[in-house]
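Notes to accompany the following structure.
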Protein chains: 2
Amino acid sequence: MEQPQNIKGMRDHLPPAMLLRQHIINTLVGIFERHGFEPITTPIVEYAETLEGKLGDEEKLIYRFEDHGGRRVALRYDQTVPLARVVAQYSGQLTLPWRRYSVGPSYRGERPARGRYREFWQADADLVGSASPVADAEIIAMLTEALAALGFPGFTTLLNHRQVIGGIARVSGLEEAAAGSVYRAIDKLDKIGPDGVHDELQKTGVTEDAATGILALVQLEGSSADVLHELRQRLQGDERAMAALANLEAIIGHLDSMGVSPEQYQVAPRLARGLSYYTGTVFEAITSHWPAGSLLGGGRYDELIGMFGKQSVPTVGLAFGIDRLHDVMEELGIGPRPQTTAQVYVTVFSDAQMDASLRLAHELRAAGIHTITTLDGGTNLGKQFKEADKRGLRFALVVGPDEVERNEVAIRNMQNGAQRTVPRSAAAAVLREMLGM
Amino acid sequence: MEQPQNIKGMRDHLPPAMLLRQHIINTLVGIFERHGFEPITTPIVEYAETLEGKLGDEEKLIYRFEDHGGRRVALRYDQTVPLARVVAQYSGQLTLPWRRYSVGPSYRGERPARGRYREFWQADADLVGSASPVADAEIIAMLTEALAALGFPGFTTLLNHRQVIGGIARVSGLEEAAAGSVYRAIDKLDKIGPDGVHDELQKTGVTEDAATGILALVQLEGSSADVLHELRQRLQGDERAMAALANLEAIIGHLDSMGVSPEQYQVAPRLARGLSYYTGTVFEAITSHWPAGSLLGGGRYDELIGMFGKQSVPTVGLAFGIDRLHDVMEELGIGPRPQTTAQVYVTVFSDAQMDASLRLAHELRAAGIHTITTLDGGTNLGKQFKEADKRGLRFALVVGPDEVERNEVAIRNMQNGAQRTVPRSAAAAVLREMLGM
């Protein structure tokens, strides 16, 4: 057999890259749980029927097949449709509003490209069953806390509302039905520029004047208060837009109490977000250090979660793309860069000293120090030091016959070669201090 | 559309069950990392060819399908074959011996039954690239630490070696080729009893005398030293069995230095383990509190990991079945039973007091306390207390106009209804103490 490979677009995550991924996931989960979000895990495989009819043009990307019983099944392509199924299936067991998070892979048969994978990991957090602006504010607060905790410098959350864009389309004289193509055109503003969007809008049948009017409005910039004020003037008379602006104002009013400062967000009428299921707020985090696109986004979707049940379930949520966060953090050099999980390497002086070393390693582990040992007693000490260094360990320990005799341990700093000897009984405490534990 | 369901045998893990699963996984990962094992994650989907030809009769259980490019792909059925692929594919990047762990789901198209799932989660730890008995001892030590950390009462690790069983077969006059059927027959000892195994052995062509001899040997019990001594007497002259006994003795010799006490393991010549790929030690943990089967197992398999490369890579490892551990812990009442991730519920006295509550919640979260709030200001306090109680929260907080006026917070113990008032500035510290943080 030829040497096997992973499938393109489905990646192996090996250390040390995997350690950064784990750091990202653990940080996000920590924030989610601090807000009382509860974990769920649903299967990777769902009935195809559950997943079909919700992705539009992308439907063809679903991995579908027949299982052993001839059932049509499919790999999930996100964690939102399974959430909708769960809310319908277990409605009797769930107390709404329900804060839930999920971390796991989803699958789309994309053509693999830089930053686009066939297996991709997401960390979703959704607040299910509340239409309150406090719910939107809480999701935005979590987003802010998460990016701060991950160490992103100078990020901003762009904030908009679907009915602001709807109002912009309506005051520009467009029919309700045109709203979808307006979202999609505006969504491309950062990519194709104002002229491009102008063309795009006209292609979808918008008059030149209307296109110019839309572009002037969506390009409004300034403090959130100024932008809201300006929008209120220009969208006057459109009731739904007025309600949307009031909603945005209410959300912003709570952000301060939740620890989000005004420099951390911006009302941005240009923010559309492509997904058709959003019904209220939409938001996206960007950073000037990564101009290539948004870090993550989310919004309110009051109709999607209820689709399998009898009534709509207002929901606001967001999804962190783990792959995107990882790629950006690696490129920007953000976050810790451990090479391995171990902290300390216990050498083995000789076969006869093996158990002295194993015993020391056991004591260190019991003190919470991540410790590995040599497995073969016959290796010379110099080679073991080299190995410790190669593995990225900061300290190598020696318990040779002299050390055993004197009840001591020698600690070698692998970065500078300095060596000190400490009483055996103090070894764990000294190392904990040297490791900053 | 009819209300959708999960696929049978592929389970939804909702809170609070999911919280116990997370506790199990986090505990295992903690132990793995303390021993310097490094995490990897490989895709759920592999080329079918990579996975085929290794499962024998079970091969038909593999989920196979064609992807969008017409490639034959499959869902992985364990985490060992993907590890073998990784070791071959990235051999240049890996430093052997390599300690690696993986946590994730695998798939087999089984008929679902109690304890048998089509999607099942495993936490695997393998020490790749060492034939040293220290490696076997380390895996057994991790197993012991993990079950102790999870809180399993009185478990024992049964320990055997493939060449002990081989020797038993050989001294009973069997051909080498018969060894496989002997393993499989002995493997059923706990299920079908000695008479059953006797029949089974005779069915595979073993003479009555040989079957009786085999049964006498595999049923040896007693202290590890006694059993080893007895086996050494009875298997004298069989070189491979003698080497196996010496290997077991060396491993046991290291267990003590690694903190494993003699009551925690037992040399058990009856332990066969069905999997055909084991080449050396095999082990399995059992507890008298759960007579239905083993908690988990593992062993040494020196040929499997190297199968995609040019040379064999000696490896010893184990796999914790998360579903099995979860089911047993739930049934035996082991481990924590949190109902939710939140610890504290901040009520909202009225719409006007909303931001006072949000601000308090933000302060508590910043102090590491998992906090949720009401999302709607209009709910009366009694109803909010009921909700806090229903959600399993231990404390509900009130910041009404009086409390704001006096700069205080009222803390209500939801278990006994007791209420106390503390200065606002002390709230987080008092709660941390009440929560035992």
Side-chain angles (χ1 to χ4, degrees), chain A residues 3-7 10-15 18 22 33-47 50 63 65 67-68 73 85-86 88-90 95 97 99 105 109 119 130 132 134-135 254 257-259 308 340-342 354-355 358-359 362 365 370-372 375-376 390-391, chain B residues 3-7 10-15 18 22 33-47 50 63 65 67-68 73 85-86 88-90 95 97 99 105 109 119 130 132 134-135 254 257-259 308 340-342 354-355 358-359 362 365 370-372 375-376 390-391:
Chain A
Q3 182 161 308
Q5 293 282 329
N6 55 316
I7 295 166
M10 305 224 186
R11 296 187 296 168
D12 294 311
H13 305 292
L14 307 187
M18 184 64 195
Q22 269 189 345
E33 297 203 344
R34 219 159 71 170
H35 283 262
F37 281 62
E38 300 177 326
I40 72 167
T41 297
T42 61
I44 303 296
V45 188
E46 294 270 359
Y47 284 113
T50 302
Y63 285 93
F65 56 100
D67 76 358
H68 299 81
V73 302
R85 176 182 62 70
V86 160
Q89 187 173 338
Y90 304 95
T95 305
R99 294 166 171 91
E119 179 182 76
S130 170
S132 164
V134 178
H254 296 309
S257 325
M258 291 183 152
F308 295 123
T340 180
T341 50
M354 174 62 85
D355 285 292
L358 296 181
R359 218 165 270 131
H362 176 62
R365 289 184 194 118
H370 297 187
T371 307
I372 60 174
L375 297 167
D376 293 289
K390 187 177 173 194
R391 290 181 186 271
Chain B
Q3 182 160 311
Q5 295 281 328
N6 55 316
I7 295 166
M10 306 225 186
R11 297 187 296 167
D12 293 312
H13 305 292
L14 307 186
M18 184 63 196
Q22 269 188 345
E33 297 203 343
R34 219 160 71 171
H35 283 262
F37 281 63
E38 301 177 326
I40 71 166
T41 298
T42 60
I44 303 295
V45 188
E46 293 270 0
Y47 283 112
T50 302
Y63 285 93
F65 55 100
D67 75 359
H68 298 81
V73 302
R85 175 182 62 71
V86 161
Q89 188 173 336
Y90 305 94
T95 305
R99 294 165 170 93
E119 179 182 75
S130 170
S132 164
V134 179
H254 297 308
S257 325
M258 292 185 151
F308 295 122
T340 180
T341 50
M354 174 61 85
D355 286 293
L358 296 181
R359 219 164 271 130
H362 176 62
R365 288 185 195 117
H370 296 187
T371 307
I372 60 173
L375 296 168
D376 293 290
K390 187 178 173 193
R391 289 181 186 271

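Both backbone and side-chain heavy atoms feed into the values below; hydrogens, waters and symmetry mates do not. Please read these numbers as outputs of a predicted model, since none were measured by experiment. Letters go in sequence order (proteins before strands), and every chain restarts at 1.
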Just say parallel, tilted or perpendicular for the rings of B:Phe65 and A:Tyr63, cut-offs at 30° and 60°.
perpendicular
Taking the side chain from B:His370 and the backbone from A:Glu33, do they hold a donor-acceptor pair closer than 3.5 Å?
yes
Residue among A:Lys390, A:His254, A:Arg391, A:Arg34 with most heavy-atom pairs under 4.5 Å to chain B:
A:Arg34
Between B:Ala342, B:Ser132, B:Gly109, B:Pro15, the one whose heavy-atom pairs under 4.5 Å with chain A are most numerous:
B:Pro15
What heavy-atom pair brings A:Gly36 and B:Ile372 nearest, and what distance separates the two atoms?
CA-CG2, 3.6 Å
Could you check which of A:Pro39, A:Ala135, A:Pro105 has the highest count of heavy-atom pairs closer than 4.5 Å to chain B?
A:Pro39
For B:Pro43 and A:Met10 the tightest heavy-atom approach is CG-O, 3.4 Å
What residue in B:Asp67, B:Val73, B:Ile44 has the most heavy-atom pairs under 4.5 Å with chain A?
B:Ile44
Apply the test side chain to side chain contact (heavy atoms under 4.5 Å, CB included) to residues B:Arg99 and A:Leu375: give CA-CA distance (whole Å), side-chain angles for both, the deciding distance (0.1 Å), then the verdict.
CA-CA 11 Å; B:Arg99 294 165 170 93; A:Leu375 297 167; 3.7 Å; yes
Looking at B:Val134, B:Val45, B:Asp355, B:Thr42, which makes the most heavy-atom pairs under 4.5 Å with chain A?
B:Asp355
Is it the backbone or the side chain of A:Arg365 that comes under 4.5 Å from a heavy atom of chain B, or both, or neither?
both
Can you give me the closest heavy-atom contact between A:Tyr90 and B:Asn6, atom names plus distance?
OH-OD1, 4.0 Å
Which bit of A:Glu119 comes within less than 4.5 Å of chain B, counting heavy atoms only: side chain, backbone, both or neither?
side chain
Can you see which heavy atom on A:Leu358 is nearest to which on B:Met258, and at what distance?
CD2-CE, 3.7 Å
Which atoms of B:Phe37 approach chain A - backbone, side chain, both or neither, heavy atom under 4.5 Å
backbone
Against chain B, label A:Val86 side chain, backbone, both or neither, depending on which of its atoms sit under 4.5 Å from a heavy atom there.
side chain
Could you list the residues that satisfy salt bridge (charged side-chain N to carboxylate O under 4.0 Å, His left out) with B:Arg359, not counting sequence neighbours?
none
Just so I understand: if I count every heavy-atom pair under 4.5 Å between each of A:Met18, A:His13, A:His68 and chain B, which residue has the most?
A:His68
Pairs satisfying salt bridge (Lys or Arg N to Asp or Glu O under 4.0 Å), at least one member in residues 37-47 of chain A, at least two apart:
A:Glu46-A:Arg85
Where do B:Ser130 and A:Asp376 come nearest, in terms of heavy atoms and distance?
OG-OD2, 4.4 Å
At what distance, to the nearest 0.5 angstrom, does OG1 of A:Thr50 lie from CD of B:Gln5?
9.0 Å
Under 3.5 Å side-chain donor-acceptor pair for B:Gln89 and A:Gln3:
no
Check B:Ser257 against A:His362 and note the closest heavy-atom contact, atom names and distance.
O-CB, 3.6 Å
